[in-house]
Amino acid sequence: MFPRRLSVFILRQTLAAYFGGLGFYMTDALDQIFVTTKQFLVAFLAGLFPPAWQPLATLLISAVVMVAAIIGVFATLFAITTVLERKGLGRMQNRHGPNRVGIPFTQIRLAGFGQPAADGIKALIKEDVVPVAADKVVHFLAPVVMVVPVILAYAVLPVGRNMVALDLDAGVLFFFAVGGAVELAVFMAGWSSRNKYALLGAMRAIAQMISYEIPLILAAVPVIMIARSLSTTGIIAAQAGQAGFLPAWFVFTPWGFAGFVLFMIAATAESNRSPFDLPEGESELVAGYFTEYSGFKFALFFLAEYLGLFVISGLAITLFLGGWHAPFPWLAWLPSWFWFFVKLLGLIFVFIWLRGTLPRLRLDQLMNFAWKFLLPLTLINLLTVAVWHYLSASGWRWAVCVLMVIVPYVALGRGLWGHRRVRKRVYRYAE
Amino acid sequence: MALASDSYLVLVVFLIAAVLFALGPLALAWLWRRRFSPAKPGPGKNAVYECGLESQGDAWVRFRSEYYLYAIVFLVFDVEAVFLLPFAVAFTGLPVGAAVAMLVFLLLLVEGLVWAWGKGVLTWR
Amino acid sequence: MMETALRSELRKQGIFLTTLEELYNWGRKNSVWPLGFGLACCAIEMIAASMARWDLARFGAEVFRPSPRQADLMVVAGTVTKKMAPQVVRLYNQMAEPKYVIAMGACAISGGPFKQGYNVLKGIDRYLPVDVHIPGCPPRPEALLHAFMTLQQKIAAQPLTGPHRPRHLIAAAPSEYPIPEFGAHDLVPPNNPEIWQPPSITPAA
Amino acid sequence: METLAQIKARIEAAVAGAVVEMVPNDSPSGQHSLWVDNSHAVAVAQFLREDPELRFDFCSNVTGVDWPETERTEKVKTTRLVDGVETSVEEIRKTKRPGFLEVVYHLYSVALKHGPLILRLRTENRSDQVQVPSLTPVWRGCEFQEREVFDLFGVVFTGHPDLRRILMWDEFTDHPMRKDYVEPDDYEYEPTPHDEVLVKARRSGRGEAGT
Amino acid sequence: MLGKGIIKGLAETARNFFGSFVSERRLTTVPYPDARQPLAENTRQFPFLVYDGDDWEQGLRCVACQICEKECPPQCIYIVKSKDKKPDYKGQMQFYPAVFDIDLAVCMSCQICVEVCPFESIKMDTEFELSTADRFGGLLFHKKQLAKPNAHYHRIHPTDAAASDAVLAAEKAKQEAKARAAAEAKAKAAAPAPVAPPPSAS
Amino acid sequence: MSIAAATNGKRHRLVPPPSPADGALGELLEISMGPQHPSTHGVFRMNLVLDGERVVKLKPVFGYLHRNHEKIAESMSYLGSMPYTDRLDYFCSLTNNWAYALAVEKLAGLQVPERAEYIRVITAELTRLQNHACLGGFLLQDMGASGTPLMYAFREREKILDLFEALTGARMMCNYMRFGGCRCDLPPGWREQAQRLVAEFPAFLDEFEALLNENEILMARTQGVGVLPASLAVNASISGPMLRASGVNYDIRKVDRYGIYDRFDFQVPLGEHGDVYDRYMVRILEMRESLKILRAALADLPEGPIMDPKARLRGFRPKPGEAYGRIEAPKGELGFYLISEGGPHPYRYRVRPPSFINLTILEDMCLGQLVADVVIILGSVDIVLGEVDR
Amino acid sequence: MTPLAGYLLLSALLFCIGLVGALTRRNAIIILIGIELMLNAANLNFIAFWRFSEHPEALTGIMFTIFAIGIAAAEAAVGLALIIAIYRHYQTTNVDEVNQLKG
Amino acid sequence: MTLSFALIALLTVVAALAAMLLRNLVHCALAMVVAFVGIAAAFLNLDAQFVGFAQILVYVGAVTILIVFAVLLTRGGLAPERSLFSTSWVWGGGVALAVFATLAWAIRQSVIRDRQPLPEPDVTVKQIGEALMTRFVLPLEVIGLLLTAALIGAVIIAMKEAPAGGKREKESADLEEPGNPPSVMPPPTPEGGLS
């Protein structure tokens, strides 16, 4: 043990010495490259305006640049993720996944990463079918309403050091507030189609989303309690540095770990991902609430779903995984935004992995799971974090808090399926 | 919280950008349809889809009230979150008494939850 | 040869339009999402084609959409019975343009071995315009992949403008076809003469 | 399992008035069957299911057979006294048999693991007297199969809980599995026409060629 | 404990995910147009007509006996017997099919035609890349498209082809022996009686 | 239960249908699932009446794949119907072949040589393996597992299909068995390939079970869902794994001992709850038993002819009479009922389709369950429309 | 910055719109929406007065509003539950019809 | 009057009018959402960030869902009212107009109408939290009580169909006990097929 620790120490010292010297300026520049670029761009563009307009212009241009950057980056990420998901699922299923579509006009296959472009073009040129019975206005508005709150939520998401569009004091609250509008969009889509499957899907979606929103919020509260801030940057700042040999991320505390898992489960449900993809449960409801949507409106639902997934993963990273912080100081020479996206991709992989493995829950089980398992656990987790706060830092604190996490977990897990004992069975044989 | 209203300007820009982001492709698609690929609606095509059959009856029926029961519980806990969040932010600076007060507040709601649980409200039928 | 010369000539004339056309066809042909819908035996081979061994996903076509609104390709995989034919036509009608049809297997093309049956439609082309036919009973998964590539070639060759542009770009061309009704003995009408024009019976010598 | 004759005797003893007749089967399979009269069929079936020695609790297969009116010539072996010695002699006999529809039930016993026992029910004729009692109340497994026989053969099962067409569409008016069913003429075109298809195709007026 | 089974399942998919990068067994895709799955020798798709020699019209083994046409369950074979005769591989004068059509759009690949053919003349091909946009022109195969050389048969079904060659050779030998016997008998009948019998006759 | 009560024209029911006029509930939603629906396994259709998501009424609608197999067979030679049986249950063409061959052999009194019987057992058990594996995959697909179990199942199925193709020339439509034997002998190396597959198959089963069997979601979704009590199962003529999942020990391989099944040592797994989980697990366990049979059969495979010398390919005209032959197909009791009038065609040709009859109690199992349960109950019945509608 | 009167006028306008709805519409749900609007108008007043007060750090207006939001939510839950119960009884949400059916 | 306020006011008023005047109940509910968002924007405009977002959270996220459910549960979305307004609409409109006139007059007469705000109130969530847990702790508990009471009350009112539900539950319990088949089912072969 000792020599290893020593070698780590030496390595760390060496790296620190190196980057402490000449390297520091370089890494910092790389870290802030987007910030400086933005400032340069804003300054340049604002200079084109008359002096009286310049403060407003600066503000506006800065906002526009940030929005454009965020939308551009995350829309690209969406495109890449669709391929990654299909390829990842394929790999889990012993096959390649898309790998033939590359750059148009050439024979370059690009390992299939041209697929989203083709899908995008296809979606654009696809005919737009609106059922005669549908409520046309609401039918049209639903995909738009679906996209807007999701993009708004990106405003408070820090993707790197000094890289947040809007550092609101009530950032997390803002996030949850706009997230609520997605439910409305789903309802609008399902209701306006006037299709039975769509309506059933919409009702399912609302029931699911409202059930998991409470655990989602409550799972975030312990972090807020310890970080003393609703601002996303504040929460990340609270996770700087090291706690022992681990980074001081909240996920490395008993309550933080429990909170992270609970948050991720609720986030999966909120973004309608497998195993909580009931609203669009193909095997039951054809395509759920967007059964009647075609062309780019359908693509917008898809887009919103994935962007929602990213932003909620981003929030999970912010709350529990230390945001853009590098896991170890000797890795801090890599830029902060790199770490954010590494973590984001990691979480996306987890979502793909879950999707590749799990069957879907049933509606009643889904609701039971939210109300009778997640909600009590998140409430107990509030208590745990209070205990954590009031006990002094010691092994005791760990023991008590770990117990406070595990015992309710086991107890509630036992009672989850009610009187029906769900277990492996032993079978008898006849000759 | 410097320049609050200015930061809302960013929000407004976000809002506009989001709407444009959604509407832009739709507009592009609309242009494409106008120029090249005419939309061809028809009674069959625009009929409601139901697994290849003609849809019988209306989809807009009256639903069961259990959805509503869940919504009530959700609403109550949503409001609770509004009170819980400021408390959480201030938590570390507060005396123990305040935490107890919040505990009482929470327990009141939990009592409601437990009651609903016992009543079978949280059991989907 | 002739065609490439023509094409280069055209490119000179309207580089923008040609680029647009190629991009349009490229997008269409590389993102053909089939309707998740199988009729009989061939459907199993269709499923097999999307499974690990053959992996239709490599072409980006594993996205079997269960709703016709989001699907581009209808693979009529299997026997179309007379009881099912109206549903098939209705599903086709409810698909959004551009849409393609592959008749997979003997039954879908001609009724196949079951064509003597009283409840079997003797080929889906009596009611729907079929883009590609795959013979076989059932065709191997590779045959479906081959047909898929045939369809891609067909799409790639379709002009965006001009008189030879595909059906879905012509405003006057129909996008939905009449759905046959159940009669006392047979479907009414037994075929759609606008689509189905077989040659007269002259077994070639 | 007891022999068919024993079962017949049991039935006749248990169900008063039941008319049960043996129907022999000449093929190597040797699966002979019992023809039960319609009025006692349900009671007989009930008995077969309940009787502790028989316990035919599993109605495996229900099917219809169409027997149109035929005149058939069959070689019948008869024993005749020829020169004081009984010898079997084949003679040709012509019988005119009126048409009827037949429903055949194959019964097994899951409890005692024996079978099959084959029951036959027959209608009076093929046109208007096509009722036989439904055995669905005794064996639930008959439900869809009887519906199918109704659909394809036109046998009306009295006492069936839900007698509708099952395979063909509701507007369909014929019973296609009957021997005299005429298929709809939709052979307008066949690339490889054969005998009657060719005739049909010619009749439908498409092309005159064909060799 | 709740979650154990889920974690087990996750481990399984993860194993396959990472395994697909290193193990053939976990990446079973045959990238079809670039690579092909080797076909089994018995594989059958659609029938073809075998001909011997170089001239497909002359070498066709089929004598238009129409057994396959009758036995074909979906009735997809259409044969018109010729009015005249031509010599077959044994040199015997035989009818030949004036028209031999198979509608591949109907064929169910059941191989019954092959089984019932007494002349080893119809065999199953392995070609499956036949998808076409033209239903009537592209799928009704005429004699010319159906005729394929014996070499082709040998390439796709070597064992069967050898066996059927042997059958034909045996028949031909029998036929020749018979012919020779007949010729010699004729010769014998023509020749004066007291001549020793030829050695082959015994 | 008195006779009078049992014959009042009502079906035996598991659950009385809830009265739809219950004003306190939501309005009933009539919805038709199918004929085009991702999880009706083809063109099956169920007319559902839903109260919220709860099923109040379910009416199966058949016939969307009714392709007149029986009628066509009555104008076809006996041999000509053989390839059509492939297309009945298009997952299990070889067992269909066998059932038909068995019925014709009974009708005509043909004997099957020993080697052919072994080959029949081997092919039938391989068929059972791939059918059950795919059923598991499809069931999980219905449960919303994005294809992974199905892909694994099809990965194994492809290997078995490779064997079929090497033996019979076709992947799915084998058309392999003949009256009195089999069409052709095993190609060289086939036996070893099959033995290799049998040796590797347990690894797949282990993988499949690790992936799913203990999965809490799967257990929660399937246990206690679609319960079918034993007495109703027997009364409703349910057969095959579904019957055994309800705890009834009835396997035709054991009961009829057709073929040479009495030579093999295998057991019949039985469920006790009769729910979807039992149906799923019974099939998984049956695969392991099939492997036992396969191992023994492949080891003992004797040399010898593969056709009864009496059998004729053409001009086959059995004597007048009738025969009912049945086997334990992967989906249940597959029977063929043939009446011969002495001609080249059967006078009456009837298929006893197991999955069609297994659907009889679909409504009973689904009433009171949720929509999501309906699809997995249907999935656990294991239907193939080619057989249901014929 | 907009003077206080602007907010007050907006609030009054919203209040009156809510009032019109609550007084004149027949559907109970719309009436409830009207009442919610009126409550929100009041909240707007609170916030406006707080913002324009001498001591905004006292937070009274904000507190009032938060509590009002909570109360309004509770009111909405109960009110809508009542409407559903009434609908179940009378099969209508029309207040006039409910009035007529009352006897 | 600033541009932002004008826009917000316009949006809010139009949405509120739409919520009151549209025929389709679902449209009304959606219009109401816009009105609530407008009010929240007004809160933000008044530097009450926390309240603004709380407003969106509660109203857009929760109350609307409740209303939408209520609409669907009472089949309000389908059948529009035969005539939009009750007979007393003139009377109601008059009252509202009078109220508005009074209020507007009062505002006009008020001395504080032109008061300008302090530059920066700078209220953080933390301050709100501290105030909530100290000075306003009693109202907090009361609200907790109220919410619980509302929860229980609303559930009781809305759950009137308990008897039906209870019956259902019993049935499904029957279903889950395969060992004990319900009595409607005849046991044709008592313990027959069991091995």
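So that the names make sense, note that chain A is the first sequence line, chain B the second, and so on, each numbered from 1.
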Test applied, side chain to side chain contact (heavy atoms under 4.5 Å, CB included); reference residue, B:Leu108; option that passes from H:Leu145, H:Leu146, H:Ile143
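Exactly one pass, corresponding to H:Leu145.
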
Could you pull out the closest heavy-atom pair between [X] and [Y], with the gap in Å?
{"X": "H:Glu141", "Y": "B:Met102", "result": "OE2-N, 4.3 Å"}
{"X": "B:Ala90", "Y": "H:Gly129", "result": "CB-C, 3.8 Å"}
{"X": "H:Met133", "Y": "B:Ala98", "result": "CE-O, 3.1 Å"}

Among pairs that include at least one residue of residues 30-50 of chain H, which meet ring pair (Phe, Tyr, Trp, His ring centres under 6.0 Å), considering only residues two or more places apart or in two chains?
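Only H:Phe36-H:Tyr59 qualify under ring pair (Phe, Tyr, Trp, His ring centres under 6.0 Å).
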
Any side-chain heavy-atom pair of H:Ile156 and B:Trp115 under 4.5 Å
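H:Ile156 vs B:Trp115: side chains touch.
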
Separation between [atom1] of [X] and [atom2] of [Y], rounded to the nearest 0.5 Å:
{"X": "B:Glu111", "Y": "H:Thr148", "atom1": "CD", "atom2": "OG1", "value": "6.5 Å"}
{"X": "H:Leu140", "Y": "B:Phe105", "atom1": "CG", "atom2": "CZ", "value": "5.0 Å"}
{"X": "B:Leu85", "Y": "H:Leu132", "atom1": "CG", "atom2": "CG", "value": "11.0 Å"}
{"X": "B:Leu75", "Y": "H:Thr64", "atom1": "CG", "atom2": "OG1", "value": "10.0 Å"}

Under a 4.5 Å heavy-atom cutoff, which of B:Ala88, B:Ala101, B:Ala81 has the most pairs with chain H?
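When all of B:Ala88, B:Ala101, B:Ala81 are compared, B:Ala101 has the most.
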
Of the listed residues (B:Val76, B:Leu84, B:Ile72), which shares the most heavy-atom pairs with chain H below a 4.5 Å separation?
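The option with the most such pairs is B:Ile72.
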
Chain B heavy atoms under 4.5 Å from H:Leu151: which part of the residue, side chain, backbone, both or neither?
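Backbone plus side chain of H:Leu151, per the 4.5 Å heavy-atom cut-off to chain B.
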
Let's test your reading of the structure: which of [options] forms the most heavy-atom pairs below 4.5 Å with chain B?
{"options": "H:Gly61, H:Ala131, H:Ala62", "answer": "H:Ala62"}
{"options": "H:Ile65, H:Ile128, H:Val125", "answer": "H:Val125"}
{"options": "H:Val68, H:Val137, H:Leu57, H:Val63", "answer": "H:Leu57"}

Chain H contact via B:Leu113 - which portion, at a heavy-atom distance below 4.5 Å:
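The answer is the backbone of B:Leu113.
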
Ring pair (Phe, Tyr, Trp, His ring centres under 6.0 Å) involving B:Phe87 - partner list, sequence neighbours excluded:
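B:Phe87: ring pair (Phe, Tyr, Trp, His ring centres under 6.0 Å) contacts with B:Phe91.
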
How about H:Phe69 and B:Tyr68: are their ring centroids closer than 6.0 Å?
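No, too far apart.
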
Before giving the answer on side chain to side chain contact (heavy atoms under 4.5 Å, CB included), spell out for H:Glu130 and B:Leu94 the whole-Å C-alpha distance, their side-chain angles and the decisive distance to 0.1 Å.
CA-CA 7 Å; H:Glu130 274 159 4; B:Leu94 287 173; 4.1 Å; yes

